[in-house]
Chemist: 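Okay, here's the structure, questions in a sec.
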Amino acid sequence: MTVHNADVAALFYRLAELLEIEGANPFRVRAYRRAAATIENLTEPVAHMVDRGADLDALPGIGEDLAGKIREICETGRCSALEEVEARTPSALAALAAIPGLGPKRVQVLHEKLGINSVEDLRKAAEAGRVRELPRFGKAFEAKLLAQLVKAAPAGERSLRLATAEDFAGPLVAWLKGAPGVREVVVAGSFRRRKETVGDLDILATAADGAAAMQRFVAYGEVAEVVARGPTRATVLLKGGLQVDLRVVPEESYGAALVYFTGSKAHNIALRRIAQERGLKISEYGVFQGMRRIAGRTEAQVYGSVGLPWIAPELREDRGEIDAAYAGRLPTLVELSDIRGDLHVHTRASDGGSSLEEMAAAAAALGYEYMAVADHSRHATAAHGLDTARLAAQMDEIDRLNARKPGVRVLKSCEVDILKDGRLDLSDAILKRLDLVVAAIHSDFDLPAEDQTARIVRALESGRVHILAHPLGRLIGERPGYAVDLPKVMAVAKAMGCLLEMNGHPARLDLDDVHARAAKEMGLMVSIASDAHSAMGLSAMRHGVDQARRGWLTAADVANTRRWPELERILAR
DNA sequence: GCCGTTTTCGGCCCGACTGTTTTCAGTCG
């Protein structure tokens with residue numbers, strides 16, 4: 001039995017949820033949530049740590065008690081503490097607390113006074129007018145609740161791919177900038193931290209007159225519903241269901257508000273605690289010593305007030321960035337401008353939409369030094385994959401193109417399928433002639449983890465593979481990755497001198513941030529690639545860079561920040 | 001439940017908005 005980090009985290013989140021409804025000490029509840037987040041962000045399966053007897057209570061937010069619970073979960077698959085709580089408090093109550101406007105306190109009252117145990121119970125009680133009679137509920141609240149209950153989809157659970165969120169954010173920001181007196185408009189929150197998915201948009205604006213900005217905000221054509229509206233803060237739902245929060249602050253608070261609104265929540269809590277230790281108070285209005293504001297106009301000032309350098313938004317997840325900042329060991333994160341080439345693009349020869357010449361021209365226009373054409377191999381029939389003859393012909397075509405000096409060095413590659421048994425889809429003879437081989441799984445996603453791991457390991461051990469493409473195999477919002485022991489795959493990749501791909505396709509972002517960081521920590525180099533299927537698609541590189549930054553990668557950790565001669569040496573291993 | 005160059009006990013981030021209230025609890029971010 002394999003217990004995944006996500007499993008352990010889910011149990012702790014559920015425990016926190018139910019304890020909260022029971023009215024447990026809120027700091028105890030927070031402790032479970034913090035522990036869950038710590039485990040989610042671990043770069044190694046916590047079950048492995050248990051196996052080798054690692055010191056679990058050295059992990060942030062995990063002490064003797066939680067270490068014991070983690071061991072229990074990993075060894076038995078059960079959590080007796082959760083079972084005890086579930087015996088008292090039905091798990092279904094957690095679903096009630098997920099309804100907007102309902103929190104743990106009200107759910108507890110509903111449960112105790114009206115015997116409500118499910119969403120259906122609640123609907124009946126509200127329709128019968130029994131909810132309004134409870135203290136501090138009232139008629140208006142009951143009506144609001146009923147409106148929430150008839151909505152088919154549980155709002156708030158939906159999250160968008162980052163690139164999709166950008167499509168919503170761009171026009172809205174432009175609209176807000178048209179409000180009189182508005183200076184800055186910036187999307188903060190998880191969007192600014194470049195999380196792979198975002199649940200809502202948090203927009204920060206500075207304006208002399210907040211009311212005008214609010215007016216403009218709620219008048220936006222895409223607004224379906226105004227959820228809340230005050231003088232400095234408003235929440236709306238757009239027609240597609242996306243929630244957007246706008247906060248307006250004066251200019252002297254811009255930096256503090258940006259820190260606050262960018263989060264993450266855990267990062268903010270850690271930061272505010274440090275301020276507290278120093279006799280300071282950090283809020284969205286500034287850093288205060290008593291009544292006196294000592295910082296707030298810029299983010300750098302806010303961090304500086306507690307003795308820290310500015311921390312890049314992508315790092316603000318309470319994953320050790322504050323300690324690193326204090327120690328002067330913050331990574332200088334890789335930037336899009338560091339990228340010298342793309343090592344995974346497609347052409348019309350397989351499933352791309354642009355010709356070889358068009359792809360080369362687009363890469364040259366981006367100032368790239370090199371670009372590897374990695375069309376699919378024959379096994380990927382739906383993608384019109386290349387067989388030996390067609391690949392050989394493409395290689396000749398690339399030779400002819402390079403002879404014409406297209407402004408970029410076009411590298412010969414292939415995204416070769418890893419077959420079900422771990423063999424590569426094309427023969428050694430043809431693969432040897434390529435500048436680099438990109439290998440990937442495109443079939444048999446549902447193998448047991450052991451077989452999937454063995455399959456990939458065999459492919460890497462062939463010695464032919466330079467880059468393992470989209471190692472998780474997930475499509476965000478569509479399907480999870482295949483079951484695989486990635487730490488093992490990574491260890492083999494390291495031993496074989498293979499690179500791991502950070503695929504920037506908006507649906508992939510694969511590696512994810514956590515595993516990218518794990519790769520870095522074990523000295524395994526990453527190749528950030530667009531996986532472009534058209535000339536336009538080359539721009540997906542920036543999404544890969546975003547996730548690489550969230551994984552703490554520097555230019556040194558990324559192979560395709562190197563000039564060609566050095567990259568050639570890396571590929572030669 | 002965690003944690004400690006003030007502490008092994010007593011703390012644990014801070015403020016806006018709503019709906020119910022006449023001073024505030026609950027929820028949210």
Chemist: Quick one: does NZ or CZ of A:R30 land under 6.0 Å from the six-membered ring centre of A:Y32, within 45 degrees of the ring axis?
Modeler: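 No, A:R30 does not sit over the ring of A:Y32.
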Chemist: How is A:L271 classified with respect to the nucleic acid when contacts are heavy atoms under 4.0 Å: base, sugar-phosphate, or nothing?
Modeler: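 Contact class for A:L271: none.
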Chemist: Please identify the 5'-most and 3'-most nucleotides of DNA chain B with any atom under 4.0 angstrom from a heavy atom of chain A.
Modeler: B:dG1 to B:dG29
Chemist: Determine if the base of B:dT7 is syn or anti; take syn to mean the glycosidic torsion is within 90° of 0.
Modeler: syn
Chemist: If you draw a 6.0 Å radius around CZ in A:R293, do more than 12 non-hydrogen atoms from other residues or ligands fall strictly inside?
Modeler: yes
Chemist: So does A:R316 pair up with A:E321, basic N to acidic O under 4.0 Å?
Modeler: no
Chemist: A:R517 vs A:D513, test: salt bridge (charged side-chain N to carboxylate O under 4.0 Å, His left out). Steps then yes/no.
Modeler: CA-CA 6 Å; A:R517 188 167 174 192; A:D513 51 359; over 6 Å; no
Chemist: Which residues in residues 7-37 of chain A have at least one heavy atom lying under 4.0 Å from any atom of DNA chain B?
Modeler: A:N25, A:F27, A:R28, A:R30, A:A31, A:Y32
Chemist: With a 4.0 Å cut-off on N to O distance, would you call A:R161 and A:E478 a salt bridge?
Modeler: yes
Chemist: When the C1' atoms of B:dC2 and B:dT7 are considered, how many whole Å apart are they?
Modeler: 14 Å
Chemist: Taking the basic N atoms (NZ, or NE/NH1/NH2) and the acidic carboxylate oxygens, is any pair closer than 4.0 Å for A:R88 and A:E22?
Modeler: yes
Chemist: Are A:Q547 and A:R508 linked by a side-chain donor-acceptor pair shorter than 3.5 Å?
Modeler: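 Side chains of A:Q547 and A:R508: no pair found under 3.5 Å.
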Chemist: Is the positively charged end of A:R106 above the ring of A:F141, judged by distance under 6.0 angstrom from the centroid and angle within 45° of the axis?
Modeler: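 Flagged: A:R106 positioned over aromatic ring of A:F141.
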Chemist: Determine the contact category for A:D65: base if any of its heavy atoms lies under 4.0 Å from a base atom, sugar-phosphate if only primed atoms, P, OP1 or OP2 are that close, otherwise nothing.
Modeler: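 Result for A:D65 = sugar-phosphate.
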Chemist: Any chance the side chains of A:D167 and A:T164 put a donor and an acceptor closer than 3.5 Å?
Modeler: no
Chemist: When rounded to the nearest Å, what value does the distance between C1' atoms of B:dG1 and B:dT5 take?
Modeler: 24 Å
Chemist: Mapping A:P104 and A:A234 onto DNA chain B by nearest heavy atom, which one lands closer to the 5' end?
Modeler: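 Upstream on the strand: A:A234.
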Chemist: Identify whether any heavy atom of A:Q243 sits under 4.0 Å from a base atom; if not, whether one sits that close to sugar-phosphate; answer base, sugar-phosphate or nothing.
Modeler: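 It contacts sugar-phosphate atoms only.
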Chemist: Sticking with atom C1', work out how far B:dT20 lies from B:dG26, rounded to a whole angstrom.
Modeler: 10 Å
Chemist: Rounding to an integer number of angstrom, what distance separates B:dC13 and B:dC17 when you compare their P atoms?
Modeler: 22 Å
Chemist: So A:K105, base contact, sugar-phosphate only, or nothing? Heavy-atom distance under 4.0 Å.
Modeler: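 Sugar-phosphate only.
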Chemist: Within residues 189-197 of chain A, which residues have any heavy atom lying less than 4.0 Å from an atom of DNA chain B?
Modeler: none
Chemist: Is the closest basic N to carboxylate O distance between A:E20 and A:R33 below 4.0 Å?
Modeler: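 Yes, A:E20 and A:R33 are salt-bridged.
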Chemist: Which value, in whole Å, describes the distance between the P atoms of nucleotides B:dT21 and B:dA16?
Modeler: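 24 Å, rounded to whole Å.
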Chemist: Strictly below 4.0 Å, N to O, side chains only: are A:D65 and A:K69 in salt-bridge contact?
Modeler: yes
Chemist: Could you say whether A:E277 or A:M214 is positioned toward the 5' end of DNA chain B, judged by the nucleotide with the nearest heavy atom to each?
Modeler: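 Whichever sits nearer the 5' end wins; that is A:E277.
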Chemist: Closer than 4.0 angstrom, basic N to acidic O: yes or no for A:D510 and A:R474?
Modeler: no
Chemist: Taking any strand in view, what nucleotide pairs with B:dT8 in a Watson-Crick or G-U wobble way, both distances under 3.5 Å?
Modeler: none
Chemist: Taking atom C1' in both B:dT8 and B:dC3, compute the distance separating them and give it to the nearest angstrom.
Modeler: 9 Å
Chemist: By the 4.0 Å heavy-atom rule, please label A:P231 as base, sugar-phosphate, or nothing.
Modeler: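 Touches sugar-phosphate only.
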